[in-house]
Asker: 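The following block contains the structure, expressed as structure tokens.
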Amino acid sequence: MGDLQAGATPETSGAPVPTTPGPHRDFAAPDVVLPEGACDAHVHVFGPHGRFPYAPGRPFTPEDVPLEVLQEMHETMGLSRAVLVQTAAHGTDHSAVLDALRRFPGRYRGVALLADDVAPAEVAELDAEGFCGVRVHFAPHLGAPPSADALARLVDLIAPHGWHLEVHTMGTGILDFAEHYPQLDIRVVLDHLGRFPMPVDRSPAEHQALLDLLDEQDVWLKLSGADRVSTDLPSMSDGLALARSLFEHRPDRCVWGSDFPHPNTHGFMPADRDLVEGIAVIAPTPAERRLLLVDNPTACFDFDAPAGVDETATTHRRDA
């Protein structure tokens, strides 16, 4: 169970050289007012590498962006809860996420990356610490996608704990995943707007596959990554318009995430204030913002309901 130990042994070879840029760190408060209990449904923590070393053979090396930097960003933006998604830079060593879950119980939930040979006992330990899902990739730069057999094994491992399967797709990956979906009897959470090539009329099959998946009983979508899909930078107007249209399609199945600190980004690096301001485009009314940022993530990730949330109106993962 070495992967589960917080406070890993420091690297002895010196500081790793980042291969991708870090985020903007001059955080500025947005004009949009977020509801109390607002959740950032997709973030990562990196390092510090001296305590939480990066994985050998990782696909990229980030700058250290530890939990304290994430918390500074969230405090500035008005976000009080988050889903911490394990990063490929840390591989299957979940120490950095476990540290956050242990220090701030109830504030965070975790999404794991699991090795092919992971034991059921390890999944049970992660569940007890606050993990609620496992991420898989249909994205070429992060390796080969999982096979049908691998997906079936994952579902068998996580279903007893009520976890969701988090699916990161790129390009035509949403089409590849859609072929597997009928065999998966589990909650699915799709990352980053499906991340197909924009504009939408360039990817009609991918867009329709995403809409069809959202029409299923228990498929959710993270309205994150507008900066990653947009062809209109720095405004991100087309990415935000796509997010708005998808929220209108299934307002009860969408959550929002910043994707801080925007790992493996090359070229345009969004300011987090601009991403939060974009929430006003995605969810223009206070009622819509409460649904997107409070009610939906409470249901999807099994957070305790903040004051004012009617728990009878939400379906928690362990009751689904």
Side-chain angles (χ1 to χ4, degrees), residues 32 40-42 85 135-142 145 164-182 184 187-260 262-285 288-289 291-293 296-297 300:
V32 63
D40 186 341
H42 195 100
V85 179
R135 196 182 196 202
V136 296
H137 300 283
F138 287 77
H141 72 290
L142 294 173
H164 67 268
L165 185 71
E166 182 153 326
V167 182
H168 176 208
T169 67
M170 282 186 65
T172 60
I174 192 73
L175 301 177
D176 299 329
F177 173 72
E179 293 182 2
H180 291 284
Y181 176 76
L184 303 175
R187 173 165 295 173
V188 168
V189 179
L190 302 169
D191 282 349
H192 301 334
L193 302 163
R195 208 171 173 187
F196 50 79
M198 292 281 280
V200 169
D201 59 8
R202 180 183 167 192
S203 306
E206 290 84 353
H207 182 233
Q208 188 60 52
L210 179 56
L211 295 176
D212 291 345
L213 285 166
L214 279 175
D215 287 336
E216 297 290 344
Q217 181 177 359
D218 203 12
V219 176
W220 299 67
L221 176 66
K222 292 185 178 182
L223 304 183
S224 54
D227 56 297
R228 294 187 185 274
V229 304
S230 179
T231 62
D232 188 8
L233 300 172
S235 74
M236 302 177 284
S237 60
D238 54 344
L240 293 172
L242 173 62
R244 172 60 181 168
S245 69
L246 293 168
F247 182 61
E248 288 181 306
H249 183 76
R250 281 307 301 261
D252 59 329
R253 288 291 178 266
C254 291
V255 296
W256 177 88
S258 68
D259 193 26
F260 185 83
H262 320 293
N264 214 16
T265 294
H266 300 274
F268 176 69
M269 176 63 70
D272 290 281
R273 181 186 188 277
D274 294 339
L275 291 171
V276 173
E277 289 285 350
I279 294 171
V281 176
I282 300 169
T285 70
E288 288 178 316
R289 288 196 285 274
L291 184 64
L292 179 67
L293 298 170
N296 285 355
C300 186

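As the structure is a prediction and not an experimental result, all values here were calculated from the model.
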Asker: Run the side-chain contact (heavy atoms from CB on, under 4.5 Å) test on Leu211 and His249 for me, step by step, so that the C-alpha distance in whole Å, both residues' side-chain angles and the decisive distance to 0.1 Å come before the verdict.
Answerer: CA-CA 8 Å; Leu211 295 176; His249 183 76; 3.8 Å; yes
Asker: Output the distance between atom CH2 (Trp256) and atom CZ (Arg289), rounded to the nearest 0.5 Å.
Answerer: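 Nearest 0.5 Å value for the CH2-CZ distance: 12.5 Å.
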Asker: Quick one: does Asn296's side chain have a donor or acceptor within less than 3.5 Å of a partner on Val255's backbone?
Answerer: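 Checking the backbone N and O of Val255 against the side chain of Asn296, no donor-acceptor pair under 3.5 Å is found.
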Asker: Any chance you could measure Arg253, atom CZ, to Leu291, atom CG, to the nearest 0.5 Å?
Answerer: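 Reported value, rounded in 0.5 Å steps: 10.0 Å.
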Asker: Is the backbone of Thr169 close enough, under 3.5 Å, to the side chain of Arg195 for a donor and an acceptor to pair up by distance?
Answerer: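 Side chain of Arg195 to backbone of Thr169: no pair is present.
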Asker: Does Glu179 use its side chain to pair, donor to acceptor, with the backbone of Asp176 at less than 3.5 Å?
Answerer: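 No; zero donor-acceptor contacts below 3.5 Å.
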Asker: Looking at Ser203 and Glu206, would you say the former's side chain and the latter's main chain have a donor-acceptor pair under 3.5 Å?
Answerer: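 Not at all, since once roles are kept as given, no pair shorter than 3.5 Å links the two residues.
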Asker: Which heavy atom in Ala283 sits nearest to a heavy atom in Phe247, and how many Å separate them?
Answerer: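 Residues Ala283 and Phe247, closest heavy atoms: CB-CE2, 4.1 Å.
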Asker: Find out whether Lys222 and Asp259 are in side-chain contact, i.e. whether some heavy atom of one side chain is under 4.5 Å from a heavy atom of the other.
Answerer: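 No; the side chains remain at least 4.5 Å from each other.
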Asker: Quick one about Ser224 and His42 (side-chain donor to acceptor, distance below 3.5 Å, no hydrogens or angles considered), yes or no?
Answerer: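 Distance-only check fails for His42 and Ser224.
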Asker: Ser230 and Ser237: which non-hydrogen atoms are nearest, and at how many Å?
Answerer: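 Nearest pair, atom of Ser230 first, then Ser237: OG-N, 4.2 Å.
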Asker: Does Thr231 offer a backbone N or O that forms a donor-acceptor pair with the side chain of Asp238 under 3.5 Å?
Answerer: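 Yes; at least one donor-acceptor contact below 3.5 Å.
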Asker: Would you say Pro234 and Phe268 make side-chain contact, with heavy atoms under 4.5 Å?
Answerer: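 Touching, per the 4.5 Å side-chain cut-off.
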Asker: Between atom CZ of Arg135 and atom NE2 of His168, what is the distance when rounded to the nearest 0.5 Å?
Answerer: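 The distance works out to 5.0 Å.
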Asker: Using 0.5 Å steps for rounding, measure from the CG atom of Leu240 to the CD1 atom of Ile279.
Answerer: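 Interatomic distance, Leu240 CG to Ile279 CD1, rounded to 0.5 Å: 10.0 Å.
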Asker: Between Val219 and Leu213, which heavy-atom pair has the shortest distance, and what is it?
Answerer: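 That would be CB-O, 3.2 Å.
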Asker: Which heavy atom in Leu210 sits nearest to a heavy atom in Leu193, and how many Å separate them?
Answerer: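 Smallest heavy-atom distance, with atoms named: CD2-O, 3.4 Å.
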Asker: Before giving the answer on side-chain contact (heavy atoms from CB on, under 4.5 Å), spell out for Asp215 and Arg250 the whole-Å C-alpha distance, their side-chain angles and the decisive distance to 0.1 Å.
Answerer: CA-CA 8 Å; Asp215 287 336; Arg250 281 307 301 261; 4.2 Å; yes
Asker: Determine the minimum heavy-atom distance between Leu275 and Asp227, stating which atoms define it.
Answerer: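 Answer, listing the atom of Leu275 first, then Asp227: CD2-OD1, 3.9 Å.
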Asker: Hey, does the side chain of Asp40 reach the backbone of Ser258 with a donor-acceptor pair shorter than 3.5 angstrom?
Answerer: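 A pair under 3.5 Å: yes.
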Asker: For a 4.5 angstrom cut-off between non-hydrogen side-chain atoms, does Leu165 reach Val167?
Answerer: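 Side-chain contact under 4.5 Å: yes.
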Asker: Tell me if a side-chain donor or acceptor on Arg187 pairs with a main-chain N or O of Cys300 at a distance below 3.5 Å.
Answerer: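 Present.
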Asker: For a side-chain contact (heavy atoms from CB on, under 4.5 Å) check, start with the C-alpha distance between Leu214 and Leu221, then their side-chain angles and the critical distance, and finish with the verdict.
Answerer: CA-CA 7 Å; Leu214 279 175; Leu221 176 66; 3.8 Å; yes
Asker: Heavy atoms, side chains only, cut-off 4.5 Å: are Leu242 and Met198 in contact?
Answerer: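 In short, these two side chains touch, coming nearer than 4.5 Å.
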Asker: Val85 and Glu166: which non-hydrogen atoms are nearest, and at how many Å?
Answerer: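 The answer is CG2-OE2, 3.8 Å.
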Asker: How far does CE of Met236 sit from CD of Glu277, to the nearest 0.5 angstrom?
Answerer: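 These two atoms lie 10.0 Å from each other.
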Asker: Kindly say whether Ile282 contributes a backbone atom to a donor-acceptor pair with the side chain of Arg244 at under 3.5 angstrom?
Answerer: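 Confirmed, Arg244 side chain pairs with Ile282 backbone.
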Asker: Establish, from distance only, whether the side-chain atoms of Asp218 and His164 form a donor-acceptor pair under 3.5 Å.
Answerer: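 Per modelled atom types, Asp218 and His164 side chains form no pair under 3.5 Å.
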Asker: We want to know whether Arg228 and His262 form a side-chain donor-acceptor pair, criterion being a heavy-atom distance below 3.5 angstrom.
Answerer: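 No, no side-chain donor-acceptor contact under 3.5 Å.
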Asker: Pair Val188, Trp220 - check side-chain contact (heavy atoms from CB on, under 4.5 Å), show working.
Answerer: CA-CA 6 Å; Val188 168; Trp220 299 67; over 6 Å; no
Asker: Specify whether Phe138 and His180 have parallel, tilted or perpendicular ring planes, treating 30° as the upper limit for parallel and 60° as the lower limit for perpendicular.
Answerer: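 Tilted.
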Asker: Is there side-chain contact between His207 and Asp201, with heavy atoms separated by less than 4.5 Å?
Answerer: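 The answer is no, as the side chains (C-beta and beyond) never meet within the 4.5 Å cut-off.
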